[in-house]
Each structure stands twice: as structure tokens, then as C-alpha cells.
Amino acid sequence: MSFSEKIISWYTKNGRKLPWRNTNDPYIIWLSEIILQQTRVEQGAPYFDSFVTKYPDVRKFADAEEGDILRLWQGLGYYSRARNMHRAAKLVVAEFQGNFPTRYADVVQLPGVGDYTAAAISSFSVNEKQAVLDGNVFRVLARYFGIAIPINSGEGKKVFKSLAQELISNNNPGVYNHAIMDFGAIHCKPKVPLCETCVFRLECVAYKENRVSELPVKIKGKASRNRFFHYFVHEKGESILMSKRGDGDVWSNLFELPLIETEDDLDLVGLMQLDEFMTHFEGADLLPINGQVKHILSHQNIYARFYRLENLPEVKEKKEEWNYFLSENLDKLAKHKLIFSFLNKYIS
DNA sequence: AAGCCGGGGCT
DNA sequence: AGCCCAGGCTT
């Protein structure tokens with residue numbers, strides 16, 4: 001049996017039943033694939049359901065308000081995915097008359113669709129022979145063939161891509177792609193792979209040479225940096241002061257509370273002595289809401305403190321990005337304005 | 001080629 | 001504490 005036949009055979013018995021596998025509709029497949037980028041199946045599945053229900057076809061998606069799409073996306077992370085989806089949907093309506101494209105060459109041109117997603121959409125919808133290359137495939141191939149080239153290097157991407165394209169099944173490219181990803185996700189797992197019950201035990205180079213834990217090889221990225229955020233709750237009558245984040249940073253263009261960021265951690269006294277604090281909040285009493293909260297992103301550690309501003313009739317020198325929003329509390333505000341889930345988690 | 005962009009679960 | 005997840009875009 002060939003590699004592809006064997007992996008498909010494994011998949012037939014052990015594969016997962018997932019909602020987005022019951023369709024050939026490229027729009028539905030696109031929806032699922034974007035949601036699942038760098039996102040676990042269990043985390044993305046509820047979002048997939050909401051999006052399919054609210055936007056059953058690409059025209060509905062294209063006609064939606066970007067704010068509504070982002071609100072439904074809240075908590076998933078990598079928010080540019082949602083914005084790119086909106087742009088892509090509009091492009092499909094404008095250039096493909098609302099018929100979602102299926103050819104690799106067409107879908108790969110849509111914003112937010114790269115090599116992996118284009119291969120997935122074209123193979124799953126019309127069985128175009130395009131091998132997917134995701135974290136699972138890298139891992140399975142690196143171990144099976146004992147390849148130690150870093151998977152996140154330029155050479156690694158080329159080597160693994162051509163290898164994947166050689167291995168893909170001629171008859172069932174779509175099923176094969178599902179199969180190898182499921183095999184990586186369920187069986188050939190990153191940390192504790194199930195080698196003892198693996199159908200490739202006798203062929204897998206990494207297993208035979210006892211290098212399973214060393215593969216795949218990955219070049220390490222930069223260490224996370226630490227940031228210190230000081231958030232302020234300022235209420236004026238029935239309104240609360242909110243701030244819209246700018247570009248070029250995390251959570252770009254999403255709403256949050258007014259914020260002072262500092263290089264180092266500061267206590268209440270130190271904070272009140274800052275020029276930036278004095279400029280806007282001079283004379284206010286500062287009430288800590290909770291202790292320091294640590295919020296970990298993949299590339300930075302955010303240490304946040306939350307304060308309530310009391311006895312401050314109005315902020316001074318209000319910044320451009322600051323605006324008052326009518327709200328009895330932040331929880332209600334989240335329903336009609338965008339607040340990333342980070343805030344919802346710690347303030348209520 | 002390297003950095004940046006989230007949130008969550010596992011070891 | 002570090003790694004990984006159905007990656008893609010920008011510089």
C-alpha cells in the first residue's frame with residue numbers, strides 16, 4: 001500500500017466527523033478554514049456554527065457591517081482574519097458574481113487566503129490536486145521521512161511542499177488532505193504521539209531512529225516582551241469613556257478602556273505622578289478595581305491593572321480616540337460596541 | 001527572512 | 001514556562 005492509501009485507510013476508520021466536512025460548498029469550506037487558521041478545532045467550532053447561521057451565503061457575508069462581523073469574531077483572536085474575510089466576500093460578489101471560486105489559482109488571490117487555505121478549499125470542494133501544508137502535515141512528514149530541515153525556514157517550506165505534492169493521492173486529493181491532517185492532529189501529536197499503535201511503526205524513520213521527540217525542527221522566534229497597561233474606568237452620568245485602538249499593534253481598531261502604557265510596572269502612586277496621567281485625570285481619585293492581571297499573547301506578556309476614576313467630572317484634553325458611550329455597564333456595552341474579550345474577562 | 005498578529009489548551 | 005494550533009500579511 002502506498003503512503004496515501006495507508007493514511008486514507010487509517011482515516012476511514014479513525015477520522016473525525018466535523019461539521020464542515022459534510023459539504024462541497026466552497027463558501028462554507030472557506031468559512032471553516034479561515035476560522036481554523038492557528039486555531040484548534042474545539043475552539044473554532046462554535047464560531048463556525050454562528051457564522052454559518054448568521055451568514056449562510058457569501059452575499060449575506062458581503063452585505064454585513066464590518067462591526068457585526070467583528071463582534072461575532074470576538075474572542076477568536078487574529079482579528080485581521082475577520083476584516084480580510086469581509087474584503088474577500090465583497091470581491092467574490094463583485095468579481096465572481098457571488099459564485100465562490102473553487103480553483104486554487106482563483107481563491108489564493110483572495111485576501112486572507114494563502115497557500116494552505118487555497119489548497120484546502122480547492123481540494124475539498126472540487127478535488128483539485130493541491131496538497132495542504134499545515135502544522136500537522138509538517139510534523140507527519142518530518143517524522144515519517146526523518147527530515148530535520150527547519151519547517152519554518154525558506155528551504156523547509158520548499159522541501160516539504162514538494163514532498164507533500166508528490167505524496168498526495170491522485171484519486172482522492174480532498175480525502176487525502178483531510179486524512180493526513182487528522183492523522184497529525186489525533187495520532188502523530190506534537191507532544192505525546194501514539195507511536196506504539198501507529199500503522200507506520202515499521203516505516204517511520206523518526207520512530208526507527210528514536211528521533212520522534214526531536215522532529216519536526218523549528219527555528220525559535222524572539223522571546224516575548226513585557227508590557228504594562230493601566231486601564232481606567234471613567235463614568236460620566238450614564239456614559240462611560242472608551243478608547244479606539246490604532247493601527248500597528250495588537251487589537252488594532254478595536255475598542256477598549258482608556259489606557260496608559262508604561263515601560264515598567266507602576267503602583268498607584270507612581271501612576272498618578274505620570275505627566276500623561278496628570279494631563280487627563282488631574283484631581284481624580286484612583287480606586288484600584290483588582291490586582292495585576294497577566295494576559296499572555298503568543299509574542300508578548302501584558303500586565304494590566306484596572307482603576308476607577310472617581311470625582312472627575314470630565315477628562316481634560318480628551319484624546320481623539322476617546323469617546324463616551326452610553327452604557328449601564330461594560331457587559332451591555334460589549335453587545336453594541338466592540339470590546340475584545342480580554343476586557344470582558346476581567347471587568348464586569 | 002524575520003516580525004507581527006490572539007487566545008486557549010497541554011505538558 | 002514553553003510549545004502548538006487546519007496561517008497569512010507586512011516589512
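Throughout, protein chains are lettered first and strands after them, A, B, ... in sequence-line order, and every chain is numbered starting at 1.
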Parallel, tilted or perpendicular, judged at 30° and 60°: which one describes the rings of Phe200(A) and Tyr144(A)?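 Rings of Phe200(A) and Tyr144(A): perpendicular, over 60°.
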Which of parallel (below 30°), tilted (30 to 60°) and perpendicular (above 60°) describes Trp30(A) and Phe61(A)?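 Trp30(A) vs Phe61(A) ring planes: perpendicular.
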Are there any protein N/O atoms within less than 3.5 Å of an N/O atom in nucleotides 9-11 of chain C, and if so, which ones and at what distance?
{"residue": "dC9(C)", "atom": "OP1", "partner": "Gly112(A)", "partner atom": "N", "Å": "2.7"}

Going by atom types alone, do [X] and [Y] pair a side-chain donor with an acceptor below 3.5 Å?
X         : Y        : answer
Gln37(A)  : Tyr78(A) : no
Thr39(A)  : Arg81(A) : yes
Ser125(A) : Asn24(A) : no

Rounded to the nearest angstrom, tell me the gap between atom [atom1] in [X] and atom [atom2] in [N].
X         : N      : atom1 : atom2 : answer
Ile186(A) : dC5(C) : CD1   : C1'   : 14 Å
Arg81(A)  : dG7(C) : CZ    : C1'   : 9 Å
Ile35(A)  : dG6(B) : CD1   : P     : 16 Å
Trp30(A)  : dG7(C) : CH2   : P     : 17 Å
Ile296(A) : dG7(B) : CD1   : P     : 12 Å
Asp115(A) : dG7(C) : CG    : P     : 12 Å
Asp247(A) : dC4(B) : CG    : P     : 16 Å
Lys157(A) : dG8(C) : NZ    : C1'   : 10 Å

Distance between [atom1] atoms of [N] and [M] (Å, rounded):
N      : M      : atom1 : value
dG3(B) : dA6(C) : C1'   : 23 Å
dC5(B) : dC5(C) : C1'   : 14 Å
dG8(C) : dG8(B) : P     : 22 Å

Can you figure out which of dG3(B), dG7(C), dG7(B) approaches the side chain of Gln37(A) most closely?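 Of the candidates, dG7(C) comes closest.
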Out of dG7(B), dC4(C), dA6(C), whichever nucleotide has its closest atom nearest the side chain of Tyr79(A):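 So the side chain of Tyr79(A) is nearest to dG7(B).
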Just checking [X]: base, sugar-phosphate only, or nothing, at a heavy-atom cut-off of under 4.0 Å?
X         : result
Ile121(A) : nothing
Arg21(A)  : base
Gly248(A) : sugar-phosphate

Taking the six-membered ring of Tyr303(A), is the NZ or CZ of Lys294(A) close enough (under 6.0 Å from the centre) and on axis enough (within 45°)?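 Negative - Lys294(A) is either too far from the ring of Tyr303(A) or too far off its axis.
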Phosphate oxygens OP1/OP2 of [N]: is one of them under 4.0 Å from a side-chain N or O of [X]?
X         : N      : answer
Trp73(A)  : dG6(B) : no
Arg139(A) : dC5(C) : yes
Thr117(A) : dG8(C) : yes
Gln300(A) : dG6(B) : no
Gln38(A)  : dG7(C) : yes
His299(A) : dC5(B) : yes

Distances under 3.5 Å between nitrogen or oxygen atoms of protein and nucleotides 1-3 of chain C:
{"residue": "dC3(C)", "atom": "OP1", "partner": "Lys220(A)", "partner atom": "NZ", "Å": "3.3"}

Whichever of Glu155(A) and Val192(A) has its nearest DNA chain B nucleotide further upstream toward 5':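 Between the two, 5'-proximity favours Glu155(A).
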More 5' along DNA chain B: Ser80(A) or Lys189(A), using each one's nearest nucleotide?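 Looking at the nearest nucleotide for each, Ser80(A) comes out on the 5' side.
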Any sub-3.5 Å donor-acceptor pair from His86(A)'s side-chain atoms to Ala64(A)'s backbone N or O?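 Yes: the side chain of His86(A) pairs with the backbone of Ala64(A).
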Do you reckon Leu254(A) sits in the same ILVMFWY cluster as Trp322(A), going by side-chain contacts under 4.5 Å, direct or chained?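 Different clusters.
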Look at the side-chain heavy atoms of Ile, Leu, Val, Met, Phe, Trp and Tyr, link any pair under 4.5 Å apart, and say whether Phe96(A) and Tyr55(A) land in one connected group.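 Hydrophobic grouping puts Phe96(A) with Tyr55(A).
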Considering only heavy atoms and no angle criterion, is a donor-acceptor pair shorter than 3.5 Å present between the side chain of Thr39(A) and the base of dG7(B)?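 Answer is no: no donor-acceptor pair is held.
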State whether Lys316(A) and Glu282(A) are salt-bridged, where the test is any N-O pair (Lys NZ or Arg NE/NH1/NH2 against Asp/Glu carboxylate O) under 4.0 Å.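 Glu282(A) and Lys316(A): not salt-bridged.
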If you look only at distance, which donor and acceptor atoms sit under 3.5 Å apart when one is on a side chain in residues 178-191 of chain A and the other is two or more places apart or in another chain?
{"residue": "Asp182(A)", "atom": "OD1", "partner": "Arg16(A)", "partner atom": "NE", "Å": "2.9"}
{"residue": "Asp182(A)", "atom": "OD1", "partner": "Arg16(A)", "partner atom": "NH2", "Å": "2.8"}
{"residue": "Asp182(A)", "atom": "OD1", "partner": "Arg21(A)", "partner atom": "NH2", "Å": "2.8"}
{"residue": "Asp182(A)", "atom": "OD2", "partner": "Arg16(A)", "partner atom": "N", "Å": "2.7"}
{"residue": "Asp182(A)", "atom": "OD2", "partner": "Arg21(A)", "partner atom": "NH1", "Å": "3.1"}
{"residue": "Asp182(A)", "atom": "OD2", "partner": "Arg21(A)", "partner atom": "NH2", "Å": "3.4"}
{"residue": "His187(A)", "atom": "NE2", "partner": "Leu194(A)", "partner atom": "O", "Å": "2.9"}

